[in-house]
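A quick write-up on the structure given underneath.
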2 protein chains.
Amino acid sequence: MFVNRVMRQAIKVNHAFTSASSLSPSRQAAKILSTRFYSSTTQPAPLDASKLQINPSKNLKALQENNQLVFGKTFTDNMLIVEWEAGKGWGTPQIKEYGKLQLEPSAVVFHYSFECFEGMKAYKDKNGKTRLFRPDLNMARFNRSAQRIALPGFDGEELTKLIKEFLKVDDRWIPKGRGYSLYLRPTMIGTQESLGVGASNKAMIFVIASPVGPYFPSGFNAVNLLATSEKVRAWPGGTGDAKIGGNYAPCIKPQLDANKEGFQQNLWLFGHDHQVTEVGTMNCFVYWKNEQGENELVTPDLDGSILPGVTRDSILSLARQWGEFKVSERKFTMKDLVKADKEGRIIEMFGAGTACIVCPIKKIHYDGQDIHVPLDPSDKTSQAGKLTKRINNAIMDIQYGDVEGPKGWSVVV
Amino acid sequence: MFVNRVMRQAIKVNHAFTSASSLSPSRQAAKILSTRFYSSTTQPAPLDASKLQINPSKNLKALQENNQLVFGKTFTDNMLIVEWEAGKGWGTPQIKEYGKLQLEPSAVVFHYSFECFEGMKAYKDKNGKTRLFRPDLNMARFNRSAQRIALPGFDGEELTKLIKEFLKVDDRWIPKGRGYSLYLRPTMIGTQESLGVGASNKAMIFVIASPVGPYFPSGFNAVNLLATSEKVRAWPGGTGDAKIGGNYAPCIKPQLDANKEGFQQNLWLFGHDHQVTEVGTMNCFVYWKNEQGENELVTPDLDGSILPGVTRDSILSLARQWGEFKVSERKFTMKDLVKADKEGRIIEMFGAGTACIVCPIKKIHYDGQDIHVPLDPSDKTSQAGKLTKRINNAIMDIQYGDVEGPKGWSVVV
């Protein structure tokens, strides 16, 4: 029974983003099982939501007004936490007062970056119900990120159940209103207390939650990008497709350098041909008339160096469902963009991620020149193209339960 | 005065490994100064060893026997710790009882891998004096690693002074005997308590210490390597030349995969031509008769993807001083190694790092074939070539103060 569940999850993990995986589902599942569940004679305990213990905080903090919310700065009264130990498996999940972690300075998370995370949101719909958006994709990616750095796997459905319980306990913290949400940060860290460089023999998942407002409170602000090739975000055989901590810190210095020159974000390039990869911490989309004269929405394919974003996947699914223009996952280069700009073929361009949904781009500085990306000139209040706004609204409609989306996208808690 | 000291340090940081830096010393210094010391109107406090507060542990732990020591598992009674805050600078350094760090779960070290570290050792010489080995190189690299991930710079001479004080307090923990030492782990982490992806507004340096024995207690054991090209350790424009946590966790899964197939370590390759880069967490050296028929010791050049190891630098310096064979820092490929193997030109091969000094290599599995590396057939007790053993002894002689090495290499505490 347990094995079956793990096997299902393992296969699901693999299926969620098939294009990112090089193993067949059965081999992937076998690998997960052999690595984590058959390595000792007694069966280590799986993550089990039914074991949850709830000891909520008695010191309830004051809520903030919606207009006071700053991303990731204020946290709710409680947190969800569950520990893992090699051989023993997952321990008792606990919801308890939000507070400091106490870790030995030798814990490997401080030295070798055994850490991965997810970003997801809980939304209040017009009926007061709480909704999650495609949590299965977050859980699948969280598992794959953990495995990339030899941290333990877990049953994603069980963690989703635990997160739902956490949302019930801290329900009052979920802000109401379109654009407002409770940002959830599931995090896994390796906590082995010795400096040997190997798989961590202890780990911990914690989930913390922070109420957030809309990324663009009063109409979109399009961003200026610095095309960056000297520093590289990810590479083949690296970890660009995993949401691990190590992908982030190295991007800050180039970001600060770009900020100093007046750009909000880096447009990360790769290779001698300057392939376009990501925008800051977002996936990158271009809507243009391609060289064949077709209207096309294009984003880089999941070649192992691109983060398989939940918003990315949702945009591709919706656009394919609409069937009004060509939708492509493929490589494109700065040369392609420069040519399209010169020939007046770029229609819109935007970044995509959980924090903003979409973030319109208005200018890219590359090789001493500026590429100007059109916005919607008829819109005086918001800097964004028509497709960008349509995508943003379509996704929000589903997230807030105003429109029935594809099966399983909006999950009522 | 302070500025001069910082400027000197900044230039020193740059000079220590000139080949790894793309900026001129003056531009590098200016950059350090502008980023960290002129960003607010009041001057933030520099790291200052004279402010040290010592509150040593009163619960002294039992020492371990030399033959019980395991790398990085047992720690001394105390730790050194100093915190930093944007605008304010470095706080009061403290030596206090070794114990848990208390950090908010939102601390950015857990999410975005704001963490870098050093590995260095303290040795007891035959007169009972404590010695460090080239700590200036560790401090220079620590500064460069921190800057690569937008963590604060500091005066390396001041941190060396603090480490010396720490060694005095925990003197009884420095094991006696050749091959024994106290391993020091200076670590810097970003501790900002909010999830925004940007430079951390708080940081902390801590130094912990663990008594260790010789890597090879009874003669060398040469290792088998799996040449690995599918997963890639580092990339141009990446962080391979910085000692940051993010470089380590992604290497564990490939290491476990290699272990399963009977190999101790990965030989990390790079590029379509399969350039040899590093061995596990060590720099890589080959001693061979090159295609011109010269005896040559070669290691990959510091192109930005190779860690500028202190042991690596020491081996190159000593070998150049000996002047008995050609010493080269340059790229070489698996094709070069396979050809040299077929033509019987490989003499020895070894990894190099602080933990082992040198680690002899006896076999490399590549592309379905084995490359057999000669050891010293006349030596029945130790699996290592003659040059490998000579280098190991020469470095140990200096570390333990038995031989006067180059100026500044062995620093008496």
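Note that the structure is a prediction, hence the values are computed from the model and not measured. Reckoned from all heavy atoms, side chains included, excluding hydrogens, waters and symmetry mates.
Contacts between Gln102(B) and chain A at a heavy-atom distance below 4.5 Å involve backbone atoms as well as side-chain atoms. For Ile208(B), the part lying near chain A is the side chain, with the backbone staying farther off; criterion is any non-hydrogen pair under 4.5 Å. When heavy atoms are compared at a cutoff of 4.5 Å, Phe75(B) approaches chain A solely by way of its side chain, counted from C-beta outward. Contact annotation for Arg185(B): only side-chain heavy atoms (C-beta onward) come within less than 4.5 Å of a heavy atom of chain A. Of the two parts of Met79(B), only the side chain, counted from C-beta on, holds a non-hydrogen atom closer than 4.5 Å to a non-hydrogen atom of chain A. With a 4.5 angstrom heavy-atom cutoff, Ile189(A) touches chain B only via side-chain atoms. Using a 4.5 Å cut-off between heavy atoms, Ala355(B) makes no contact with chain A at all. Contacts between Ser106(B) and chain A at a heavy-atom distance below 4.5 Å involve backbone atoms as well as side-chain atoms. In this structure, chain A has a heavy atom under 4.5 Å from the backbone of Pro236(B), while its side chain stays farther away.
Counting heavy-atom pairs closer than 4.5 Å to chain A, the top-ranked of the candidates Gly246(B), Pro250(B), Cys116(B) is Pro250(B). With chain B as partner, the option from Lys243(A), Glu193(A), Glu104(A), Lys73(A) having the largest number of non-hydrogen pairs under 4.5 angstrom is Glu104(A). Comparing Gly72(B), Ser210(B), Pro105(B), Gly238(B) by how many heavy-atom pairs each has under 4.5 Å with chain A, the most go to Pro105(B). For the set Ser194(B), Gly119(B), Ala242(B), Gly99(B), the entry with the most heavy-atom pairs within less than 4.5 Å of chain A is Ser194(B).
Across all their heavy atoms, Lys253(B) and Arg148(A) have their closest contact at CB-O, 3.8 Å. Among all heavy-atom pairs drawn from Ser113(A) and Ala249(B), the shortest one is O-CB, 3.3 Å. Considering every non-hydrogen atom in both Val197(A) and Gln255(B), the closest pair reads O-NE2, 3.8 Å.
With ring centers used as reference points, Tyr248(B) lies 6.0 Å or more from Phe114(A). Taking the six-membered ring wherever Trp is involved, the centroid distance between the rings of Trp235(A) and Phe270(B) does not fall below 6.0 Å.
Taking the six-membered ring where the residue is Trp, His111(A) and Phe206(B) present perpendicular rings, their angle passing 60° and hence far from 30°.
Counting only heavy atoms from C-beta outward, the side chains of Ile149(A) and Ile252(B) never approach each other to under 4.5 Å.
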